Amino acid sequence: MTLEYWKYDAGTDSVASLVIPAALGRARTFDLDATLLAHVLADAAGSWLELAVEVDGKRVWARRIPGHHPGETDGLEYHCRLAVEADADCRVRAKANCKGARVLSLLLEARETAY
């Protein structure tokens, strides 16, 4: 059996959406990763980064942090284990917001686990 791997690279967009398609008669477990990388503007006072993750329309995680490195990059990551029921799609969405920063990369990845 080949393990599934799903990826959506939103680039500099602030929203990434990924659909893990249904598998007939087989439940699966995935390691889900959402990664935000942003450039914090050198002259931006009070800058912050925010990342929110939704699974099937329900928010499962959100975090806002101050921009710690003016003139450089900063980031947020989220990791969880995701159970996908047999015969059902799973929709994942990550949304980034920034103040005094701009999105450089927003990435969603789902790797099926062997157990």
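Just so it is clear, the structure is predicted and the values come from calculations on it, not from any experiment. Residue numbers count from 1 along this sequence.
Minimum heavy-atom separation, Leu49 to Gly75: CD1-N, 3.8 Å. In terms of heavy-atom proximity, Cys98 sits nearest to Ala38 at SG-CB, 4.2 Å. Residue Gly25 comes nearest to Ala86 through the heavy atom pair C-CB, 3.8 Å, listed as atom of the first residue, atom of the second, then distance. Closest approach of Pro70 and Ala42 over heavy atoms only: CB-O, 3.9 Å. When every heavy atom of Val40 is checked against every heavy atom of His69, the shortest pair comes out as CB-O, 3.6 Å. In terms of heavy atoms, Asp89 sits closest to Ala22 at OD1-N, 2.8 Å.
Using a 4.0 Å cut-off between charged nitrogen and carboxylate oxygen, Glu77 and Arg63 do not count as a salt-bridge pair.
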Would you please test Glu85 and Arg26 for salt bridge (Lys or Arg N to Asp or Glu O under 4.0 Å) and show each step? CA-CA 7 Å; Glu85 299 299 323; Arg26 184 169 80 89; over 6 Å; no

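Using modelled atom types, no side-chain atom of Asp56 and backbone atom of Cys90 make a donor-acceptor pair closer than 3.5 Å. Panel note: side chain Asp74, backbone Gly67; no donor-acceptor pair is recorded below 3.5 Å.
At a cut-off of 3.5 Å, with distance as the only test, a side-chain donor of Asp33 or His79 sits close to an acceptor on the other residue. With hydrogens and angles left out, the side-chain atoms of Glu50 and Trp48 include no donor and acceptor closer than 3.5 Å.
Rounding to the nearest 0.5 Å gives a distance of 4.5 Å between CZ of Arg93 and CD of Glu54. Between the CD atom in Glu109 and the CG atom in Leu107 there is a gap of 4.5 Å [rounded to 0.5 Å]. Between Leu51 atom CG and Trp61 atom CH2 the span is 5.0 Å, to the nearest 0.5 Å. Atom CZ of Arg111 sits about 13.5 Å away from atom CD of Glu4, to the nearest 0.5 Å. Once rounded to the nearest 0.5 Å, the distance linking CD of Glu112 with CH2 of Trp6 reads 10.5 Å. A distance of 9.5 Å separates CZ of Arg28 from CG of Leu82, quoted to the nearest 0.5 Å.
When the side chains of ILVMFWY residues are joined at heavy-atom separations under 4.5 Å, either directly or via intervening members, Val84 and Tyr78 end up in a single hydrophobic cluster.
Considering only heavy atoms from C-beta on, Lys95 comes within 4.5 Å of Asn97 through its side chain.
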When the side chains of residues 8-19 are checked against the rest of the protein, which donor-acceptor pairs come out under 3.5 Å, sequence neighbours left out?
residue	atom	partner	partner atom	Å
Asp9	OD1	Gly11	N	2.9

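Partners of Thr73 under the side chain to side chain contact (heavy atoms under 4.5 Å, CB included) rule, at least two apart in sequence or in another chain, are Leu37, Leu104.
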